[in-house]
Amino acid sequence: MPSAHIDTFAFESLPPLDAQPDYLFDLPSLQFPAQLNCAVALLDDAVHVHGWGDRPCLRAPGIVWSYRDLLDRVDRIAHVLTQEMGLVPGNRVLLRAPNCPMLVASWFAVVKAGGVVVTTMPMLRAGELATIIRISQATHALCDVALAAELRQAAVEAPVLRAIRCFNDSGSESLEHRMAGYDVPFIAVDTASDDTCLLGFTSGTTGVPKATMHFHRDVMAICRCWPPHVLRPTADDVFIGSPPLAFTFGLGGLVLFPMSVGASAVLLEKVAPPQLYEGIRDFGATILFTAPTSYRALVALGHDLRTLSLRKCVSAGEALPAATRTLWREATGIEMIDGIGATELLHIFISADEAHARPGATGKPVPGYVAEVVDDDGLPVPVGTVGKLRVKGPTGCRYLNDDRQRTYVRDGWNYTGDAYFCDADGYFHYHARTDDLIISSGYNIAGPEVEACLLQHDAVAECGVYGVPDPERGNIVKAWVVLRPGVSPTAQAVRMLQEHVKTHIAPYKYPRAVCFVSQLPRTATGKLQRFRLPDSSELPLEVS
Ligand code: 3UK
């Protein structure tokens, strides 16, 4: 297949073929042509083939862009990139902004022009940006003017980044000002379906970040697996959510999936629970994408959530405790759609729709994917036995120039780093990350299981469980608990929570140590960072 890339960095940085996963394209909808530009398939075709030009596409406070409006902006930005900023196909373009319409327009412009997008989390600092620029060899950047300072500093540290232009800006050097000079359509670059168009950085727990490489066909593949088979959105849906577009959970849920059915998405710059609630209410949102903790926090706001227009609610990013599923159902009447996805696989590969949801289980493999639970030798384990989760599908892990490829991909399978078990009905149940299983007195204990149990107690708002070294037992289970307002951190509360766990799950799993904290350490994508729990500042116990 003829690649359109003139700058061949991405192609040369792919993992060797024998270290890449197997790909499955069995579904009829996964037959891709040799030449494919996903920006054309999702945007130009929306206007020129499907006739959605006048339908709303992107919404934000004070803004509604139709599909035609978005296409107009995208073409103008693509002209600026190629005619003024020197972009050639294959160059990497760093994007930096909170979720907003101009970020989406920039994303499509880069991809339409044959570039490779590298979207970054708004909260990153210069040092972290410089690392991303070096790994991705990003030559260009488009940035929200309000976030430009850290990026300019990063460009000094990583001079490979040579051209920066800012948007959401009215100045004469702004992207908007430059865009005004072009009103002819931009002819899309005719990329190969296996040209890289996106580098997704992993939400890094420890160590150096990894860039995952995704092709034009991967972007289309995820639109054809989980959304039509599990989410089943319609063109009248209004999508909303909290994940940043730099997190592929957000890119799919707030851009690719709505656009693949002619629906619209609300982009919010601030997505803490109060703003998310207001966004859902003010825009009449019908499909919500957010993480388990955000669902709990929305309920805790105390509003009547039944008056909202929501009809489908998606949870991903970390395990959905059964207590959170129940809490949300009782507050809204809606059964949540849980799904496990990964940056390496681009989006969700195990899930269950609202009619098939099972409390405590993630679901079944999404059509297009297969999944197995295996032992250390790669042999399937019996029903009910915990083992390593491995998956295959149309998408899969390709780390850019990184030896960790051979850890994630073995024998053609993607090993996600999760411990799972499968029940007799074929439902997959999350157990723990394989890297934070707690081994105490020879017992394997999954922190998330203890967390799920603690969350069922009325006194607990949030909690995290991790192993801490112990001279006698190797490790002991320790819980860091954020109490509900009005509950005091006392020795009595410690005993009460320990008793609660002992009576609800196997007693050997109870937290031998419990402490109280005012907040838990989380990643930019909202994931609990269990390894950082021991550094939390503990609240002193009150005398009851
Ligand atoms: C964990 C889950 C249990 C699991 C993601 C949806 O989270 C995403 O990608 P990341 O690369 O992390 C992947 C890891 O996160 N995880 C995610 N969802 C669940 N664990 N239940 C879940 N529902 O450890 C996985 O290996 O940040 C999620 C779509 C796109 C994504 N990138």
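In this text, all values refer to a predicted model and were calculated from it rather than measured experimentally. Start at 1 and go down the list; that is how both ligands and their atoms are numbered.
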Quiz item: Going by the angle between their ring planes, with limits at 30° and 60°, are F289 and F257 parallel, tilted or perpendicular?
Solution: tilted
Exercise. Please work out whether the ring planes of F247 and F249 are parallel, tilted or perpendicular, with thresholds of 30° and 60°.
Key: perpendicular
Considering only heavy atoms of [X], which atoms of ligand 1 have at least one such atom less than 4.0 Å away?
X: F247; value: 5 (C), 7 (O), 8 (C), 9 (O), 27 (O), 31 (C), 32 (N)
X: A319; value: 3 (C), 20 (N), 21 (N)
X: D418; value: 4 (C), 24 (O), 25 (C), 26 (O)
X: Y430; value: 3 (C), 20 (N)
X: L346; value: 30 (C)

Quiz item: G417 near ligand 1, heavy-atom distance under 4.0 Å?
Solution: no
Please indicate whether any nitrogen or oxygen in [X] is less than 3.5 Å from any nitrogen or oxygen in ligand 1.
X: T248; answer: yes
X: H347; answer: no
X: D338; answer: yes
X: T362; answer: no

Self-check item: Any donor-acceptor pair under 3.5 Å from T395 side chain to L345 backbone
Solution: yes
Quiz item: When you measure from atom 11 (O) of ligand 1 to each heavy atom in T343, L320, T202, which option holds the nearest one?
Solution: T343
Quiz item: When you measure from atom 28 (C) of ligand 1 to each heavy atom in P321, G341, P243, G339, which option holds the nearest one?
Solution: G341
Quiz item: Quick check, are the ring centers of H429 and F421 under 6.0 angstrom apart?
Solution: yes
Practice problem: Just let me know how R433 lines up against ligand 1, side chain, backbone, both or neither, with a heavy-atom cut-off below 4.0 Å. | Solution: side chain
Self-check item: Side-chain H-bond candidate by donor/acceptor type, D236 with T234, under 3.5 Å
Solution: no
Exercise. Begin with the C-alpha distance, continue with both residues' side-chain angles, and end with the deciding distance and a verdict on side chain to side chain contact (heavy atoms under 4.5 Å, CB included) for D195 and F11.
Key: CA-CA 8 Å; D195 275 334; F11 180 75; over 6 Å; no
Quiz prompt | Residue pair C313 / I334, side-chain heavy-atom distance below 4.5 Å | solution = yes
Quiz item: Could you walk me through whether Y415 and T407 pass the side chain to side chain contact (heavy atoms under 4.5 Å, CB included) check?
Solution: CA-CA 8 Å; Y415 284 78; T407 312; over 6 Å; no
Self-check item: R224 charged N/C atom sitting above F32 aromatic ring, 6.0 Å / 45°
Solution: no
